[in-house]
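So that the names make sense, note that chain A is the first sequence line, chain B the second, and so on, each numbered from 1.
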2 protein chains.
Amino acid sequence: MATSTVENYLKAILLRTEGSDHIVSMGVLAEALDVVPGTVTTMVKALAEQGLLDHQSRQGVRLTEAGRQLALGVLRKHRLVETFLVQTLKMDWSEVHEEAEALEHAVSERVLAQIDDFLGHPTTDPHGDPIPDVNGSVAGGAASVTLLNCALNQPLCVARIIDQSPAFLEFVQQTGLKPGARLQVVRREPASGVLHCEVRPGGEVALGLPEAGKIAVRSVS
Amino acid sequence: MATSTVENYLKAILLRTEGSDHIVSMGVLAEALDVVPGTVTTMVKALAEQGLLDHQSRQGVRLTEAGRQLALGVLRKHRLVETFLVQTLKMDWSEVHEEAEALEHAVSERVLAQIDDFLGHPTTDPHGDPIPDVNGSVAGGAASVTLLNCALNQPLCVARIIDQSPAFLEFVQQTGLKPGARLQVVRREPASGVLHCEVRPGGEVALGLPEAGKIAVRSVS
DNA sequence: CGCGGTATTTTGACTAGTCAAAATATAATT
DNA sequence: AATTATATTTTGACTAGTCAAAATACCGCG
């Protein structure tokens with residue numbers, strides 16, 4: 001069985017390739033996993049031995065099909081657990097990420113199947129991220145429209161929070177910009193770098209352009 | 001934070017002292033944890049350093065108050081998780097032990113509190129074992145009456161399955177001797193080493209005397 | 001082309017947990 | 001009391017994962 005360290009490496013790589021099969025650098029991985037770069041090199045070589053990824057020296061890594069399947073399994077556990085913690089155990093939307101980070105390595109397939117049944121086979125987690133199915137296919141990654149590149153004054157709905165950092169989640173929580181919330185973009189000010197939008201129950205919210213790119217939306221009729 | 005190995009050592013010791021503060025030998029521990037005796041000696045010395053237990057050389061170990069509290073916390077997680085898996089996720093009574101064995105080290109206090117609320121603060125798990133409360137006190141260990149030492153032809157109710165090995169659990173499952181089941185002991189045959197009892201919905205069951213001692217009961221009016 | 005800067009890899013060392021096997025202490029038996 | 005059996009401890013070695021710091025490769029730039 002894969003240790004939880006191995007699972008974390010693979011998941012981190014998967015999360016940073018997102019469909020496009022571009023290569024992930026050692027530095028990025030070291031940052032993501034909070035270890036020094038030398039450690040990543042060592043570990044990555046071991047994982048390449050096991051056939052879980054390809055390592056081009058001095059370039060970076062890319063998951064093999066076996067590695068991808070394993071990573072998708074972990075991601076599935078993570079997201080189903082998050083959904084469960086929010087929907088069933090009524091836990092706070094912005095704190096479940098860390099909890100799921102620990103639980104994803106301890107939940108067996110058997111338990112996961114029960115959770116999946118219990119929840120009625122959801123397809124997205126509370127942050128709007130798609131939940132891979134049992135066979136490892138992820139629901140269509142519809143080219144993401146964010147607050148940064150959407151039309152102005154159109155009725156929208158928050159589809160997904162891309163940046164999962166606790167601080168950002170907290171901000172989203174405060175302003176009511178959670179997945180499912182209705183809103184429309186009032187105006188963008190490239191000069192000041194600020195974007196204004198009108199959130200349905202809540203009022204006007206201002207946020208920086210980089211931050212706006214972290215909130216995916218879809219239009220509603 | 002205590003590693004899961006540490007948690008397992010402490011839990012194993014707690015489980016083998018059961019109220020009475022008698023000492024646990026290295027051999028018993030090695031057997032329980034499935035490691036060689038030398039490993040236990042090494043580990044135990046480290047735990048003694050940390051003040052989690054007392055180690056009398058060549059005799060055995062005994063938990064300190066700090067160690068006991070930690071072990072009770074783990075036991076509480078284990079039993080609440082078991083209860084949750086059976087009651088909420090409808091998992092099989094005889095398979096949850098192993099699952100809980102993994103989950104008990106990954107569930108945070110925060111998640112545990114939600115589970116406890118969700119279940120309505122149960123006091124015993126599906127095997128009839130008492131669940132320690134948040135402060136680490138275990139509901140009265142009423143001197144255990146088992147099928148071995150109870151009165152004959154009296155209406156009884158299974159209170160607890162003492163032997164948690166998968167094989168025994170499976171047998172209990174088959175014969176319907178689960179906690180809560182009604183029964184009465186028809187006769188004991190010391191000569192043949194067999195005990196016969198009448199289980200309420202199920203009929204007559206025969207079991208060996210050592211096995212009879214693994215099923216705790218209480219009388220019902 | 002050669003040079004500096006950045007990212008990556010290597011090297012040596014450390015911690016937690018483990019085993020195999022030899023050494024030692026304790027208890028049991030004759 | 002001497003010997004044997006049994007349990008415990010010690011010793012040396014190994015794996016997984018990690019860090020610090022030195023060595024190396026690669027990039028762009030003057």
Does any N or O in the side chain of B:Thr64 come within less than 3.5 Å of the main-chain N or O of B:Gly51, such that one atom is a donor and the other an acceptor? yes
Residue set satisfying ring-ring contact (aromatic ring centres under 6.0 Å, His included) with B:His97, at least two apart, ordered chain then number -> B:His78
Assign each of A:Val35 and B:Gly27 the nucleotide of DNA chain D bearing its closest heavy atom; nearer the 5' end lies the nucleotide of B:Gly27
In whole Å, I'd like the distance from the CD atom of A:Glu31 to the C1' atom of C:dT8. 16 Å
Taking OP1 and OP2 of D:dT18, is either one under 4.0 Å from a side-chain nitrogen or oxygen of A:Tyr9? yes
The single option from B:Ile215, B:Ile161, B:Asp125 that satisfies side-chain contact (heavy atoms from CB on, under 4.5 Å) with B:Pro179 is B:Ile161
What integer distance in Å separates A:Met26:CE from D:dC19:C1'? 17 Å
Check for a donor-acceptor pair, side chain of B:Arg79 on one end and backbone N or O of B:Thr124 on the other, with a separation under 3.5 Å. no
Could you check how far CD1 of B:Ile23 sits from P of D:dA7, rounded to whole Å? 16 Å
Between A:Leu10 (CG) and D:dG17 (C1'), how many Å, whole number? 15 Å
Are B:Lys11 and B:Glu104 ion-paired here, with the side-chain N under 4.0 Å from a carboxylate O? yes
Mind listing the side-chain donor-acceptor pairs of residues 52-62 of chain B below 3.5 Å, one per line with the distance, residues two or more places apart or on another chain?
residue	atom	partner	partner atom	Å
B:Arg62	NE	B:Asp21	O	3.0
B:Arg62	NH2	B:Asp21	O	3.1

Can you check the A:Asn8 CG to D:dT18 C1' distance for me, whole Å? 14 Å
When you match B:Gly60 and A:Pro37 each to their closest nucleotide on DNA chain D, which lands nearer the 5' end? B:Gly60
Report, one line per pair, each donor and acceptor closer than 3.5 Å where one atom sits in a side chain of residues 25-35 of chain A; sequence neighbours left out.
residue	atom	partner	partner atom	Å
A:Ser25	OG	A:Val28	N	3.2

Can you check whether B:Gly38's main-chain N or O pairs, donor with acceptor, with B:Thr42's side chain at less than 3.5 Å? yes
Side-chain N or O of B:His55 less than 4.0 angstrom from OP1 or OP2 on D:dT8? no
Ion pair B:Asp133/B:Arg76, N-O distance below 4.0 Å: no
Between D:dG17, C:dT8, C:dG17, which nucleotide gets closest to the side-chain atoms of A:Val6? D:dG17
Which atoms of nucleotides 24-27 of chain C (N or O only) lie under 3.5 Å from a protein N or O atom, and what are those distances?
residue	atom	partner	partner atom	Å
C:dT24	O2	B:Arg58	NH1	3.2

N/O (side chain, A:Thr5) to phosphate O (OP1/OP2, D:dG17) under 4.0 Å: yes
Between its two end axes (five pairs each) the helix from C:dC1-D:dG30 to C:dT30-D:dA1 turns, nearest 10 degrees, through 20°
Would you check if the side chain of B:Asp92 reaches a backbone N or O of B:Ser94 as a donor-acceptor pair within less than 3.5 Å? yes
For the atom pair NE2 (B:His121) and CD1 (B:Ile131), what is the distance rounded to the nearest 0.5 Å? 11.5 Å
Output the rounded distance in Å from CG (B:Leu29) to C1' (D:dT8). 13 Å
In residues 38-51 of chain B, which ones come under 4.0 Å of DNA chain D, going by heavy atoms? B:Gly38, B:Thr41, B:Lys45
Using side-chain heavy atoms (C-beta onward) and a distance below 4.5 Å, is A:Val107 in contact with B:Glu99? no
